[in-house]
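Naming convention: chains lettered A, B, ... in sequence-line order (proteins, then strands); numbering from 1 in each chain.
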Amino acid sequence: MSDLQSPASTGTAGKASDDAPVKATAGGDAPSGPATSGRSFLPQSTLLRHLLVLAVCAVLAVVILEITSPFQNSQLATLTYYAIAAGGLTVLTGMNGQISLGHGALMAAGAYTTALFLDAEEPLPLPVILLAAVVVATAIGALVGVAAARLHGPYLAGATLALAVGLPGLAIYFHDVFGGEQGLRVRAPQSPEWFDGFIDAVSGNSASSTKWLAYVGAICLLITYFFLANLIRSRIGRTWRAVRDQEVAAELAGINLGAWRVLAFVVSAAAAGLAGGVLAIVVRLAAPSGFTIVLSLALLTAIVIGGLGSLVGALLGSALLVFLPPFVTNLGGDFGLSQTEAAQLAPFVYGVVLIVVMIFVPAGFVGTIRLRWMTRKAKRAMAQAGADGASSRG
Amino acid sequence: MTTIAAATVLSTVAACGGSDDSGGGSAGGGGGGENEASDIGVTENSIRLGAHYPLTGVAAPGYSEIPTGVQAYFECLNQAGGIYDREVEFIFRDDAYNPTQTAQVTNELVLQDEIFAMMGGLGTPTHSAVVDFLNDEGVPDLFVASGSLTWGDEPETYPYTFGWQTDYMSEGKIIGEYIAENFPDAQVGLFLQDDDFGEDGEAGIRQYIDDQIVAAERYTPGNTNVGPQIAALQAAGADFVVGFNVPSYTALSQLTALQLGYDPQWFYSNVGSDPTLVGGLLNRFSEGQVSDASLLDGALTTGYLPTVDQTDNPWIQEFQRIWDECGGEGELTNYRVYGMAQAYTTAQALQAAGQNPTRDGLVEAIETAGSEWEGPVFAPFRYSEDSHMGTSGMSIERIVGNGSEEVQPVRVTDIGDAPIEEFDREPATPPANAIPDEESVVD
C-alpha cells in the first residue's frame with residue numbers, strides 16, 4: 001500500500017503534491033523544541049511554556065470580551081466555534097497532510113448531540129454535554145478515519161465530501177428524532193450565578209446570555225488550542241509530520257502510517273465535535289441547512305488563508321470568515337450600493353481575497369511571515385559563518 | 001425647566017424634518033404630545049425596523065425582491081410624513097437562507113443596529129434559529145414570512161412573535177374542502193416538502209379528503225431528483241396532484257411529469273405557484289426547451305393577496321404607483337407586492353401603538369386591534385391575546401398565462417377543526433396614497 005503512494009512510483013503526478021506540503025505548511029513547521037538561543041525568557045518545558053501562554057491568552061480573552069460591545073461579543077462567539085473546528089482541521093491537513101471536506105458533517109454530529117442533550121427535562125451540566133458532543137464526533141471521526149487512512153489526495157477529498165453531503169441528510173431522513181429540515185431548536189443554557197458575579201467584579205458590565213455564550217466559546221477555544229499546541233510539539237506531532245512529508249522514511253523508522261493517520265483524524269474530529277456543540281448553543285439551532293458543504297469549504301479556506309498547520313493561522317482565517325462579510329457589506333452600503341448589492345459583494349470579495357492570498361502568499365499569512373523570518377535567520381547565520389570563516393583564516 | 005428645553009429641541013427637529021418633505025403631511029400630528037425616544041430603536045424622528053432575507057444563494061431568486069418592495073413602501077410613507085412624523089428606517093440583511101447566518105445577522109440587527117422591531121424575517125428553518133433570542137430580548141417579531149404554525153399558535157411561548165400569511169394547515173383545509181366539493185371522484189396524490197410545510201398542509205387536507213388520497217410522496221429540499229416521487233404518484237393512479245412545495249420543485253415536478261408522460265390536474269399551494277418565477281425556473285432547468293410557464297396553464301392554486309396581473313385591482317394600482325415613484329430598478333412583481341402588503345400592516349401596527357410606541361405597547365396594539373385592520377390581504381388577521389396567527393382565508397384560483405382567475409371566492413377558517421366559512425365582506429379599498437390611518441389603541 002505504501003509502495004503505491006511513495007513518491008518514486010507515483011511519478012510526475014505525485015511530484016507536485018509531494019513538494020507542496022513542505023512550503024505550504026511552513027506555518028506549522030516551527031521548531032519542535034524551545035529556541036536554543038539564550039534570548040527567550042520562556043520556560044524550557046513545552047508544557048510550562050504553553051501553560052504560561054494559556055494564562056496570558058485567558059486574561060486577554062477576558063479583556064477583549066469586556067471592552068467590546070454585545071454585538072461584537074456575539075461575533076466573537078461565532079469566531080470561537082469556527083476557530084475550534086479550523087484548529088482541528090489544520091492539525092489534520094497541515095500536520096498530517098490529509099484533506100477533509102467533511103468537517104461540517106462532524107460539526108453537525110456535535111451540534112445535534114448537544115441539541116438532543118439540552119432538550120432533556122433536566123439537562124446535564126454543560127461541560128458534560130459538550131464532552132458528549134466530542135465523544136460522538138470522535139466515534140464518527142474514528143470510523144471515517146479508518147477509511148480515510150487508506151485514501152489519498154482527491155480520493156480522500158471525495159470520501160469526506162460524501163460525509164459532508166450525506167450526514168446532514170440523515171437528519172432529514174430520521175426527522176422524528178432530528179427535526180428534519182427545520183432542525184432542533186436549542187434552548188441556550190442560562191448563565192450561572194457565579195458568572196454574573198465574575199463579570200460584575202471584572203468590569204461591571206451586565207452579564208447577558210450573549211456574553212455567557214461568548215465566554216463558553218472562548219473557554220472551549222483556549223482548552224482546545226492548549227491541547228492541540230501540546231500535541232503538535234510532542235512526539236505525536238513530529239510523527240504526524242514525518243508521515244506527511246516522507247512516507248517511506250517514516251515507515252522505515254517503524255511508524256505505522258495507517259494508525260497515525262487515523263489518530264490525526266480522530267483528534268481533528270474531536271475538535272470539530274466541540275465546535276459543533278458550541279455552534280449549537282450560540283446559534284440556538286441544529287439544522288441541516290447550517291451544515292452544508294459550504295461550511296466545510298469555509299473551514300478549509302480559513303486554514304489555507306491563515307497558513308496550513310498553524311493554530312494562529314486557523315484563528316486568523318476564522319476571524320476573516322466572521323468579520324470580513326459584515327465589513328464588506330457595510331462598506332458597500334457606505335459607497336451607496338443597495339443592501340442587496342452590498343450583500344452580494346461579500347462572497348465576491350472573499351473569493352478575491354482567497355485568490356490574492358494564493359497568488360502572493362501561498363503559505364498563508366502565518367506561513368509566509370514564518371518563512372520570511374526563517375530565511376532571514378538563515379541568511380544571518382550564513383553571513384555569521386562566512387565572517388567567522390574569514391576571521392579564522394585571517 | 002428641562003422639559004421645556006427638550007420640547008424646544010423637539011419642535012426644531014420636527015420643523016427640520018418637515019422642511020425636508022415637499023408634502024405637508026407632517027402638520028397634523030394629533031394628540032398634541034411630543035415625540036419622545038420612547039424605546040430602543042425609536043428616536044424623536046425615526047423608527048428603526050430590521051429583517052433577514054436570503055439575498056444571495058439558492059433561495060434568493062424571488063425572495064430577495066421582497067425587501068425592495070418593503071423599502072419602496074416605507075420610502076413613499078416617509079415622503080408623506082412617516083408615522084407620527086417619524087421616518088421609518090428599514091434595515092435588511094442577508095442570511096443566504098442559512099440558519100447559522102440568520103443568527104449572526106439577527107444579533108447584528110438587535111445588538112448593533114438596535115432595531116425597535118423585527119419585521120418580515122423570512123423562512124421557517126432560518127427564523128427558528130432566532131425566535132428564542134428575539135423573545136428573550138423582548139424584540140417584537142412581526143409578520144414572519146412563513147406559514148408555519150410556530151409563529152402564532154402558542155403566544156404564551158413566543159409572546160413577541162406574530163405570523164402574517166395564511167398558515168399551511170388552514171390552506172390545506174380550504175384546498176381539501178374545494179376538492180371534496182368540486183372533484184369528488186378524483187384520486188388525489190400529494191407531493192409534499194418533507195418538513196412542517198408539507199406536514200401541516202397534509203394534516204389540513206386530510207381533514208376533508210382522507211379517503212380520496214391514494215398516495216403521499218415527500219421530497220427532501222436540496223435533492224433535485226423528484227423522478228421517484230412523481231413516478232410513484234403516477235403508479236398509484238393519482239389523477240389530481242396537490243403540491244405543498246417551493247417554486248423550484250413546482251418546476252422540477254412539471255418537467256419530471258412531462259418526461260414521464262404524466263398529466264394529472266395540478267394544484268400547487270400558494271408558496272410554489274408564482275407563474276413568473278416558475279416560468280423562469282422552467283426555462284433554466286430545461287436549458288431553454290421550456291421557455292415559460294405554459295406548462296402551468298390550467299393548474300389550480302390559492303391566493304390571499306392580489307397579484308400583479310390584476311391591473312384593475314385598486315391595491316395593485318396603488319402599489320404600482322408606489323413602485324414607480326419610490327422603488328428601484330425592475331418591474332413590480334408578486335414578491336414586491338407581498339413586501340409592500342407586509343409593510344402596510346406594519347404601518348398599521350405602528351400607528352396603533354401610539355405616538356410614543358414601546359415594544360410591549362406594539363405587541364399590545366396588534367393583539368387589541370389587529371383583527372380589525374383592513375388592507376390588501378383578502379381576509380382578516382386572527383390576532384388576539386390567544387392567537388398570533390396571521391390571515392385566515394384564501395381564494396382558489398386557476399393559473400392562466402402569467403396571471404390567474406378566481407374559481408372560488410375567499411373562504412376563512414382556522415387551525416384545528418375550526419369550520420370553513422364563506423367570507424362575504426367587501427374587499428377593502430386602499431386609503432389615500434395607500435397609507436393607513438389607524439387610531440392609537442395604547443395609552
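- Residue A/L300 holds its CG atom at 10.5 Å from CD1 of A/I305, rounded to the nearest 0.5 Å.
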side-chain contact (heavy atoms from CB on, under 4.5 Å) between A/L126 and A/F117, intermediate numbers included: CA-CA 9 Å; A/L126 190 59; A/F117 271 103; over 6 Å; no
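- For chain B, the option among A/A286, A/G290, A/A342 with the highest count of heavy-atom pairs below 4.5 Å is A/G290.
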Please report all inter-chain donor-acceptor pairs (under 3.5 Å) between chain A and chain B, with distances to 0.1 Å.
residue: A/Q182; atom: NE2; partner: B/D196; partner atom: OD1; Å: 2.6
residue: A/Q182; atom: NE2; partner: B/D196; partner atom: OD2; Å: 3.2
residue: A/R185; atom: NH1; partner: B/Y158; partner atom: OH; Å: 2.6
residue: A/R187; atom: NH2; partner: B/D132; partner atom: OD1; Å: 3.3
residue: A/R284; atom: NH1; partner: B/D136; partner atom: OD2; Å: 3.2
residue: A/N330; atom: OD1; partner: B/R93; partner atom: NH1; Å: 3.4
residue: A/Q339; atom: OE1; partner: B/Q71; partner atom: NE2; Å: 3.4

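- Contact annotation for A/V294: neither backbone nor side-chain heavy atoms come within less than 4.5 Å of a heavy atom of chain B.
- For the atom pair CD1 of A/I84 and CG of A/L89, the computed distance is 13.5 Å after rounding to the nearest 0.5 Å.
- Expressed to the nearest 0.5 Å, how far CG of A/L285 lies from CG of A/L184 amounts to 8.0 Å.
- Looking at A/T160, its side chain never comes within 3.5 Å of a backbone N or O of A/S100 through a donor-acceptor pair.
- Going from atom CG of A/L76 over to atom OH of A/Y215 covers 10.5 Å, rounded to the nearest 0.5 Å.
- To the nearest 0.5 angstrom, A/C220 atom SG is 4.5 Å from A/L274 atom CG.
- In this structure, chain A has a heavy atom under 4.5 Å from the side chain of B/V131, while its backbone stays farther away.
- With respect to chain A, the highest number of heavy-atom pairs below 4.5 Å among B/P99, B/A103, B/A96, B/P67 belongs to B/P99.
- In this structure, A/L163 CG and A/L101 CG are separated by 10.0 Å, a value rounded to the nearest 0.5 Å.
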